[in-house]
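Below, read A as the first sequence line, B as the second, and so on, with proteins coming before strands; counting in each chain starts at 1. These numbers were taken from a predicted model, which means no experiment stands behind them. Values below: every heavy atom of this structure, side chains too, minus hydrogens, waters and symmetry copies.
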Amino acid sequence: MCGSRNSDGRWSGLSPRRWFEGTGLLSVLGATRPTPIQITFYCACLCFFAAIPSGCKRADPAPDAPIPQVLRISQRNEPADLDPARASLPDELFIIRALSEGLVAPSPDHAPPSPAAAERWEISPDQCTYTFHLRRNARWSNGEPVTAADFLESYRRVLTPATAAPKAPLLFMVKNARAFASGELRDFSAVGFLAPDPYTFVVRLEHPSSRFLAYAASGPWIPVNVRTVARFDRTWTRPGHYVGNGAFTLAEWQPHQRIVVRKNPAYHDAARIRLAEIQFLAFDNGDAEERAFRAGQLDVTMAVPHTKLDSYRREHPAELHHAPLAETRYLTFNTTRPPLDDVRVRRALSLAIDRDQLVQRVLQGGQAPAFRLVPAALRAPGDSAAHLGSAFRVDSAAARQLLAAAGFPGGRGFPRLELTSWMIGAPLTEVIQAMWKKELGIDVALVTREARVHVAALRDGHYDIGFITAIPDVADPANLLDDFTTGSPGNYPHWSDARYDALVAHAALTPDPTLQAGYQREAEARLLAECPLAPLYFNATNWLMRPAVRGWHPDALWTRFYPDIYLHED
Amino acid sequence: MLRFIARRLLETIPVLFIIVTATFFMIRFVPGGPFTAEKAVTPEVMRNLERAYNLDKPLWRQYAGYLGKVVFHGDLGPSFKYPNRTVNEIIADKLPVSLELGALSLAIALAVGLTLGVLAAIKRNTWIDYLCSSVAMIGICVPTFVLGPLLVLTLAIHYGWFNASGWYGPIDRILPSLTLGCVYAAYVARLTRGGMLEVLNQDYIRTARAKGASEVRVIFRHALRGGLLPVVSFLGPAIAGILTGSFVIETIFQIPGLGREFVNSAFNRDYTLVLGTVILYATLLIGLNLVVDIVQVWLNPKLKFE
């Protein structure tokens, strides 16, 4: 592309000298005397770049006009589909929850789930049977009444193997649901769902559970209008086809551009909904998102570029928001590979990491150092302990002792292990590498892999130490703890401990919430003592939001609560 | 000429076959699949997913099935990532956007680039030449991911004349096509200048001048035709580059074009979408190179089709 022709007409590579001569750049650098016009031109160029304004001035709209109730939110992941059965990301539920609602809905501020399509429910004394009473005035957006049969058919669809619902396991608490989903059981009537009349829906559980409502509020429990699904098949989620029972209806879906939902006047609680329209604008890049926010195209962003955090803290603190997330980022140790099969080595590595430093000096985004696995949002009420059983506060002396006891005094003879991460891990893993070098005298190699290659390597055990994240689907510690039981697909340390497995299983079968939380804490303490993983920090989110947006509840599990949101200009 | 085109088209078939086969197996051998996520799915769900997408069948049968559908029905299959859309639908949806962006950028590139290049060549070694060449140099040096945000910061955020991103109205076309067009304009300007300078020294130009042809006639009738040759050979790969390489521009301005689908499909392990876009881009590249060869022969009487 950068070739030029010689005088004899042949193509040749371009020599740098010739390249510069043609442009006059060399003359400015002193090769020949620059002409006044050249000087003027370069000054003009310099002025253009120097004058790039850093502020964000913008004409305000007319002051008297009532502010339109149109909320423009950044959508960072294009939804794969808007089918509740197929959704696997919180990003898809951002939109699905505006369009449809389940029996119960999550509540802000970790409150218990609130009534949605069901106006009330009864729990049997043995906590095995939940009877939901549906609203008689609830309607699908095509005018049909929302009945118990709709829920029954929706859940049959989620559990049918051919649907291949990625989050079907969130229904596995229900009697025989797992057997039906795996194809062992063919008869759906044996699954614990029952619709005795159009407005009563009964769920029978495999085991008594006090956590069931949290699961019933999760994504795959949102019903679909099965007649619409049957009629349009895979295209049923497109605008014009979509039928939901939620507060908004799907008006527009331009893939990778925007999704628009409008207020559904037929919604049973329509009087409470103040937004007329929500626009989900597609952004897959944090810088573009931030620029659009400054240009006034967006009301709420998904994140703030790391480099812009400080300037927003200084100059526009009212627009910068922060909330903790129920997400634990941790290092997983491959416990099948020596020397990481030795708990003393794992513990030494964990103890040598100064998590406060990581959070304050490296991440700087309001994350919290993690000394245990379960994040605050998932813990039982009253469980505010930052540490559990074994402390992870940085303790280099203890770490060195443990390493010496394991046969590596001063790090001598320690093999060169690999610390693997995916793209976002880079600055963090570099600091951990330095901490281990300084405190323990050991060298690790840093490896960065593409996200799916990384996860596949962790899953198949082709790694030494890996940086990864744990995000629960629902507000239940069991959802995280289950991952580390023997043979679980999320058990990246490939760790197996009979006592831990027994404690987790025991907690699952304990209906009493206090006792259950006790067993779960004991299981977590066991996990932390055995160190198949080293928790690093609890993630947090920073986002930009116009002061005009009111009633926005941040949520640690990324749930959105649209009914309270409205726009108000002071 | 028809024989030449027919032969080239026939050569295309094995080339495409090799590209499709290599891509099919390469993407399958990349670790991690379309359903790999940090929250691991349970074995029964994975089984159901693999069955639903025919991933449980032997690889050669998947390959044969895919090839059969593509060749006999032109069906590129359903997308793994976006289950409610087929690859054909996604391409039909996104290609026009990329084509529009590409066409506008190319128009800007040619209009600006040819003007600057011709001006620089005629006024060789004057301040006009230095000015045009310097602008071209800056255009080549400043990458799109710098120029794009700079334009947004000034024209969209500071002055508020444009949207910072999006692809909604005609006004949203201006900044992206300007950004993409500027880079190519720079190359076109440099190539035009070089081509023109060489042609202007040829004997036939001297002859034309000697016969009393006006300078305008000499430039546009005699010199430009030969001077454009390097530009034309550049344009083939450039058009393909604009269409395939619009990923950066599409990301900066959040344009729903095919370039982003192409790159993201690989990250998503959307096997069918990867193959669909690769087939499309391969066909485009082969086709454009053929067109360039034809135009070059037409412009340069020294060349022949054989």
Taking every heavy atom of B:A52 against every heavy atom of A:A164, the minimum-distance pair comes out as CB-CB, 3.9 Å
Sorted by chain and number, sequence neighbours left out, side-chain contact (heavy atoms from CB on, under 4.5 Å) with B:A40 holds for A:P489, A:Y492
Highest number of heavy-atom pairs under 4.5 Å with chain A among B:G33, B:G166, B:G195 belongs to B:G33
Exercise for the section: State, without any angle test, whether B:E261 and A:H256 hold a side-chain donor-acceptor pair at a distance under 3.5 Å. Expected result: yes
A:R452 side-chain N/O to B:T36 backbone N/O, donor-acceptor pair under 3.5 Å: yes
Bottom line for B:N201: the part with an atom under 4.5 Å from chain A's heavy atoms is neither
To the nearest 0.5 Å, atom CG of B:D93 lies from atom CD of A:Q257 at 9.0 Å
Cut-off 4.5 Å, heavy atoms of chain B, and the answer for A:A162 is backbone
Closest non-hydrogen atoms of B:Y82 and A:E78, given as atom of the first, atom of the second and distance, are CE2-CG, 3.8 Å
Ranking A:A168, A:P472, A:A80, A:A456 by heavy-atom pairs under 4.5 Å to chain B gives rank one to A:A80
Ranked by heavy-atom pairs below 4.5 Å to chain B, first place among A:D473, A:T237, A:D284, A:V455 goes to A:D284
On a heavy-atom basis, the closest approach of B:V45 and A:A165 is CG1-O, 3.7 Å
Turns out that what part of A:D287 lies under 4.5 Å from chain B's heavy atoms comes down to neither
| Is any side-chain heavy atom of B:R47 closer than 4.5 Å to a side-chain heavy atom of A:P161? | no
In terms of heavy-atom contacts, B:K39 and A:I471 come closest through CD-O, 3.3 Å
**OP:** Evaluate the side-chain contact (heavy atoms from CB on, under 4.5 Å) criterion for residues A:V453 and B:R269: first the C-alpha distance (whole Å), next the side-chain angles of each, then the deciding distance (0.1 Å), finally the verdict.
**Re:** CA-CA 10 Å; A:V453 174; B:R269 304 289 191 278; 3.2 Å; yes
A side-chain contact here means heavy atoms from C-beta on lying under 4.5 Å apart; do B:S165 and A:Q297 qualify? yes
query: Do A:R234 side-chain atoms and B:P83 backbone N/O form a donor-acceptor pair below 3.5 Å?
result: no
Is there a side-chain contact between A:F232 and B:N84 in this structure, where contact means two heavy atoms from C-beta onward sitting under 4.5 Å apart? no
Please tell me if the side chains of A:R258 and B:Y168 come closer than 4.5 Å, counting only heavy atoms from C-beta onward. yes
When the 4.5 angstrom heavy-atom criterion is applied to B:A136 and chain A, the contacting part is neither
Those residues at least two apart in sequence (or on a different chain) that pass salt bridge (charged side-chain N to carboxylate O under 4.0 Å, His left out) with A:R449 are none
Highest number of heavy-atom pairs under 4.5 Å with chain A among B:R124, B:R51, B:E250, B:K81 belongs to B:K81
query: Do B:R85 and A:P255 come close enough that some side-chain heavy atom pair is under 4.5 Å?
result: yes
B:Q254 and A:N285 have their tightest heavy-atom pair at NE2-CB, 3.6 Å
Bottom line for A:R86: the part with an atom under 4.5 Å from chain B's heavy atoms is side chain
Practice prompt. Kindly indicate, with the supporting measurements, whether the criterion salt bridge (Lys or Arg N to Asp or Glu O under 4.0 Å) is fulfilled by B:E89 and A:R238.
Written response: CA-CA 13 Å; B:E89 282 170 347; A:R238 296 190 184 175; 2.9 Å; yes
Should A:R294 and B:L153 count as side-chain neighbours, where that means a heavy-atom distance under 4.5 Å? yes
Okay, B:T86 and chain A: the region with an atom under 4.5 Å from a heavy atom over there is both
So, the part of A:N479 with a heavy atom under 4.5 Å from chain B: the answer is both
Assert top hit (heavy-atom pairs under 4.5 Å, partner chain A, pool B:E50, B:M46, B:R260) equals B:R260
Nearest heavy-atom approach of A:E450 to B:F267 is OE2-CD2, 3.4 Å
So, the part of B:P149 with a heavy atom under 4.5 Å from chain A: the answer is both
CG (A:L281) and CG (B:N163) are apart, to the nearest 0.5 Å, by 10.0 Å
Bottom line for B:F253: the part with an atom under 4.5 Å from chain A's heavy atoms is neither
Ranking A:F293, A:W236, A:F283 by heavy-atom pairs under 4.5 Å to chain B gives rank one to A:F283
